[in-house]
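Each chain gets a letter, A, B and so on, in the order its sequence line appears, and its residues count up from 1. Bear in mind that the values here come from a model prediction, so they are computed numbers and not experimental data.
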Amino acid sequence: MGDLRKTFHVRDYDLDATLSSGQAFRWQQLGQAWEGVIGGRWVRLRLSKGDITAEAAKPVRDWAWLEHYLQLHFNLDQALATFPDDEPMQNAVASFPGLRLLRQDYWECLASFILSATKQIVQIRQMVMLLSKRYGEPIASNDDDPAFAFPTIKVIAACGEKELRECKLGFRAPNLLGAARDILDKKIDLQRLPTLTSSEARKELMKLHGVGPKIADCVLLFAGGHQEVFPVDVWIERALQQLYFPKRRPSAKQLRKFADTHFGPYAGFAQQYLFHHARVHLKLK
DNA sequence: TGTTGACCTCT
DNA sequence: GAGGTCAAC
């Protein structure tokens, strides 16, 4: 009938770095464990001695959803081997070896990054939590309080801008609302995105209200698995600036071009290493 | 084609 | 001043 627990043997998997690196916003660290919601399921994860142990609230027959989300079968060595052989990249990898890319749900990822505009990770988490508590389906957890799924497109689209602003969304409220309504109005078809190339999918995503190149790229990378896509945000701009061009100040366009040509077929993966390394270890300005 | 300010609210 | 976008120069 399925199990409440399951152990996966892993090699080079830094769960802490991966879940806190700002690619997903639903994870909470409690002691040694991480609690979160993936789709409609609550789960608690713990890494120890090369094993990830997962604990569910209800018996699970098939754990494929979790293996997919955590990308447990991804060949990390193969990706790392394609990175440029330069000092900034080596330092970034050395500082968090085992940092991974998750594979998230398109809508949740899209919505989360729409909310990310000029916000820090802590605050993005806060907005996502408020939205889920208020508009998401309650689901079973092993804690005293129930957990909540991320709200559906339909539910968000039916909200008023004013109620969304009450979840501390500020000027992001009309953007989230607009994107949800655009999708319901079939301005784009989320189901079809996985069948498109990354540049086709980027064009589609950017048809949505409030979605520009940065958010589109984050969705391509974190939900679509387009690992060659390199989202450029202000952190990465500063990091590239400091690490690769300490003596001059390239234009945004030049940095964009550098990002697109320097990092190879797993550029998005490389970006994640640089991003996390910069955020934790570098003084940027 | 490239740059600048407005947009909410909170630390 | 914050992990962005859009519209107006």
Exercise. In residues 160-182 of chain A, which ones come under 4.0 Å of DNA chain B, going by heavy atoms?
Worked result: Arg165(A), Gly170(A), Phe171(A), Arg172(A)
Problem set entry | Donor + acceptor pair across side chains of Arg256(A), Thr261(A) (<3.5 Å) | no
For this session: Pick base, sugar-phosphate or nothing for Ser112(A), based on heavy-atom distances below 4.0 Å to the nucleic acid.
Result: nothing
Exercise. Between Asp182(A) and His209(A), does any side-chain donor sit less than 3.5 Å from a side-chain acceptor?
Worked result: no
Seminar exercise, completed: So salt bridge (Lys or Arg N to Asp or Glu O under 4.0 Å) across residues 21-38 of chain A, not counting sequence neighbours, yields Glu35(A)-Arg44(A)
Problem set entry | Stretch residues 118-135 of chain A: residues that reach within less than 4.0 Å of DNA chain C through a heavy atom | Thr118(A), Lys119(A), Gln120(A), Ile121(A)
For this session: Taking Ser141(A) for its side chain and Asp145(A) for its backbone only, find out whether a donor-acceptor pair lies under 3.5 Å.
Result: yes
Exercise. Just how far, in rounded Å, is P of dG3(C) from NE2 of His276(A)?
Worked result: 15 Å
Exercise. Do Leu274(A) and Leu240(A) come close enough that some side-chain heavy atom pair is under 4.5 Å?
Worked result: yes
All N/O pairs under 3.5 Å across the protein-nucleotides 6-9 of chain C interface:
unit_1 : atom_1 : unit_2    : atom_2 : d
dC6(C) : OP1    : Gly210(A) : N      : 3.4

Problem set entry | Arg256(A) CZ to dG4(C) P, straight-line distance once rounded to whole Å | 13 Å
Exercise. Side chains of Ser21(A) and Gln272(A): donor-acceptor distance under 3.5 Å anywhere?
Worked result: yes
Exercise. Got a sec, which residues hit side-chain contact (heavy atoms from CB on, under 4.5 Å) with Gln191(A), two or more places apart in sequence or on another chain?
Worked result: Asp189(A)
For this session: Measure centre to centre between the rings of Phe263(A) and Phe258(A), then say whether the value is under 6.0 Å.
Result: yes
Exercise. Quick one: Phe113(A) CZ to dA2(C) P, roughly how many Å, whole number?
Worked result: 18 Å
Exercise. Do His262(A) and Asp86(A) have a side chain donor and acceptor closer than 3.5 Å?
Worked result: yes
Exercise. Mind checking the P distance from dC8(B) to dA7(C)? Whole angstroms is fine.
Worked result: 15 Å
Problem set entry | Boundaries of the chain A footprint along DNA chain B (any atom under 4.0 Å from a heavy atom) | dG2(B) to dT9(B)
For this session: Check the side chains of Ser48(A) and Gln32(A) for a donor-acceptor pair under 3.5 angstrom, ignoring hydrogens and angles.
Result: no
For this session: Give each stem of DNA chain C as a range with a range, requiring at least 3 consecutive Watson-Crick or G-U wobble pairs whose two distances are under 3.5 Å.
Result: B:2-7 with C:4-9
Exercise. Linking I/L/V/M/F/W/Y whenever any side-chain heavy atoms sit under 4.5 Å apart, do Phe74(A) and Val229(A) land together?
Worked result: yes
Problem set entry | Closest approach of Gln227(A) to Leu221(A) (non-hydrogen atoms, all atoms of both residues) | CA-CD1, 3.8 Å
Problem set entry | Atom-to-atom span, CD of Glu237(A) to P of dA2(C) - whole angstrom | 12 Å
Problem set entry | Any pair counted as salt bridge (Lys or Arg N to Asp or Glu O under 4.0 Å), so long as it reaches residues 192-203 of chain A, sequence neighbours left out | Arg202(A)-Asp217(A)
For this session: Not counting sequence neighbours, list each pair that qualifies as a salt bridge (Lys or Arg N to Asp or Glu O under 4.0 Å) and has a residue in residues 68-81 of chain A.
Result: Arg11(A)-Asp77(A)
Exercise. Quick one: hydrophobic cluster around Leu72(A), which other residues, with the 4.5 Å side-chain cut-off, linked directly or via members?
Worked result: Phe8(A), Val10(A), Tyr13(A), Leu15(A), Leu19(A), Trp27(A), Trp34(A), Ile38(A), Val43(A), Leu45(A), Leu47(A), Ile52(A), Val60(A), Trp63(A), Trp65(A), Leu66(A), Tyr69(A), Leu70(A), Leu102(A)
For this session: Would you mind listing every salt bridge (Lys or Arg N to Asp or Glu O under 4.0 Å) that reaches into residues 118-141 of chain A, with sequence neighbours excluded?
Result: Arg134(A)-Glu166(A)
For this session: Examine Phe96(A) together with Tyr273(A) and report whether their ring centres are nearer than 6.0 Å.
Result: no
Exercise. Rounding to a whole Å, what distance do you find between Leu110(A):CG and dG3(C):C1'?
Worked result: 15 Å
For this session: Please check if the side chain of Asn75(A) supplies one atom and the backbone of Gln78(A) the other of a donor-acceptor pair under 3.5 Å.
Result: yes
Problem set entry | Neighbours of DNA chain C within residues 228-235 of chain A, by heavy-atom distance under 4.0 Å | Asp233(A), Val234(A), Trp235(A)
Problem set entry | Length of the line joining Lys214(A):NZ and dA2(C):P, which is rounded to integer Å | 14 Å
